[in-house]
Number of protein chains: 2
Amino acid sequence: MVRTLPNVSEQAARFTLVREAHKTEATEDYVELIDDLISVNGEARLVDIASRMGVTQPTASKTLARLQRDGYVNSEPYRSIFLTQMGKDLADESRFKHEVVFQFLLTIGVSKEAAKRDSEGMEHHVSDETLKAFKKIIRKHQAR
Amino acid sequence: MVRTLPNVSEQAARFTLVREAHKTEATEDYVELIDDLISVNGEARLVDIASRMGVTQPTASKTLARLQRDGYVNSEPYRSIFLTQMGKDLADESRFKHEVVFQFLLTIGVSKEAAKRDSEGMEHHVSDETLKAFKKIIRKHQAR
DNA sequence: TTTATAATTTAGCCTTGGCTTAGTTTATAC
DNA sequence: GTATAAACTAAGCCAAGGCTAAATTATAAA
């Protein structure tokens with residue numbers, strides 16, 4: 001039972017941080033997927049991005065326009081999508097986090113399916129400190 | 001290095017699930033905070049909800065109107081806010097998840113500050129299965 | 001009891017990220 | 001080499017959730 005309240009400005013700062021993380025989530029998910037598509041298929045097509053993100057093509061198209069505006073991707077009309085260096089860097093960072101969270105969940109006994117689902121949402125809310133703690137536990141488990 | 005892609009429809013389903021979780025996040029954060037304010041202050045005022053959520057009063061007011069429309073809270077104009085049974089139930093569930101994630105992070109050695117920050121974002125993306133795994137580890141640690 | 005201040009609401013604006021429908025371009029198949 | 005299909009874009013709608021500025025109501029102080 002909670003019978004005290006945290007400091008006002010600290011609590012506000014935490015909520016603000018979570019909201020900021022949300023704003024970058026779509027970007028991270030898109031660049032990570034685009035990078036995967038390029039490495040597996042040789043290119044990233046809108047149709048594949050949309051179907052894998054589970055959205056319609058116009059929705060994916062609009063999001064990609066924003067990513068291009070913000071400097072994460074490049075593309076010519078009707079052509080496949082490329083990552084800028086910034087986009088590639090973000091994709092790498094994002095995939096790394098995603099992978100650590102996924103492996104961590106497996107390590108503590110979560111099923112593969114649940115680990116896949118949960119890591120997709122959790123990866124965006126895990127600080128470097130928590131990531132470090134996760135890595136340590138993975139390492140310890142591998143050493144056995 | 002990822003050199004394979006997951007099944008299309010399963011990947012799409014996971015992203016869709018995360019997006020759905022996002023839609024309920026604000027609701028969960030608000031009802032949890034309102035419940036805390038009521039238990040500590042005796043009532044939940046808009047001014048306190050707004051300052052603790054880190055948003056302006058009009059933003060909080062609009063969100064509360066939505067929560068009322070959706071049956072989570074009740075309030076008369078210019079009066080403090082009450083939770084419906086549905087709101088209270090969601091608050092309890094939400095606080096429970098929040099608390100388990102927070103305690104889990106502490107258990108694996110994350111600092112109190114980082115645990116507070118991360119649990120705020122993570123609580124909305126943790127499945128029952130993962131929550132169970134977290135609880136098991138907390139229990140094991142307490143037994144020592 | 002009036003007045004000043006604080007709390008709340010209203011109105012209006014913006015961005016994101018969904019959608020559908022319709023049009024255009026590119027690729028494919030015959 | 002043209003017709004059809006597939007991919008993509010354009011236009012327009014919606015809800016959520018931010019904001020500011022202005023109006024209203026409630027509360028506190030003189």
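Each chain gets a letter, A, B and so on, in the order its sequence line appears, and its residues count up from 1.
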| Under 4.0 angstrom between B:Arg79 side-chain N/O and D:dT27 OP1 or OP2 | yes
| query | Reckon B:Ala65 touches a base, only the sugar-phosphate, or nothing at all at heavy-atom distances under 4.0 Å? | reply | nothing
| field | Between D:dG17 (P) and B:His22 (NE2): distance, integer Å | value | 11 Å
| query | Does a side-chain N-to-carboxylate-O contact under 4.0 Å join B:Asp36 and B:Arg52? | reply | no
| note | Separation of C:dA7 atom P from B:Ile49 atom CD1, nearest Å, is 13 Å
| said: Could you report the tightest heavy-atom contact between B:Glu129 and A:Ser111, atom names first, then the distance? | reply: OE2-N, 2.6 Å
| task | Check the distance between D:dA15's C1' and B:Asp70's CG and give it to me in whole angstrom. | result | 11 Å
| request: Mind calculating the distance between CG (A:Leu64) and P (C:dT16) to the nearest angstrom? | output: 14 Å
| task | Take atom NZ of B:Lys132 as the centre, draw a 6.0 Å sphere, and report whether it contains more than 12 heavy atoms from other residues, nucleotides or ligands. | result | no
| Expressed in angstrom and rounded to an integer, what is the separation of A:Arg19 atom CZ from C:dT15 atom P? | 18 Å
| remark: Looking only at C:dC19, D:dT25, D:dA7, the nucleotide nearest the B:Tyr78 side chain is D:dT25
| field | Nucleotide D:dA21, atom C1' - distance to CD of B:Gln57 in whole Å | value | 14 Å
| request: Return the value, rounded to whole Å, for the distance between atom CG of A:Leu46 and atom P of C:dT24. | output: 19 Å
| task | Could you tell me how the ring of A:Phe104 sits relative to the ring of A:Phe134: parallel (under 30°), tilted (30 to 60°) or perpendicular (over 60°)? | result | parallel
| request: Please determine if a side-chain N or O atom of B:Thr63 lies less than 4.0 Å away from the OP1 or OP2 oxygen of D:dG17. | output: no
| message | Between A:Pro77 and B:Lys62, which residue's closest nucleotide on DNA chain C lies nearer the 5′ terminus? | response | B:Lys62
| Given atom CD of A:Glu25 and atom P of C:dG18, what is their separation to the nearest angstrom? | 11 Å
| If only side-chain N and O atoms of B:Arg45 are considered, is one of them under 4.0 Å from the OP1 or OP2 phosphate oxygen of D:dA26? | no
| request: Using only side-chain N and O atoms of A:Ser61, determine if any of them is under 4.0 Å from OP1 or OP2 of D:dT9. | output: yes
| remark: Closest to the 5' end of DNA chain D, once B:Arg66 and B:Pro58 are matched to their nearest nucleotides, is B:Arg66
| Considering all heavy atoms, the nearest B:Glu28-B:His124 contact | OE1-ND1, 2.7 Å
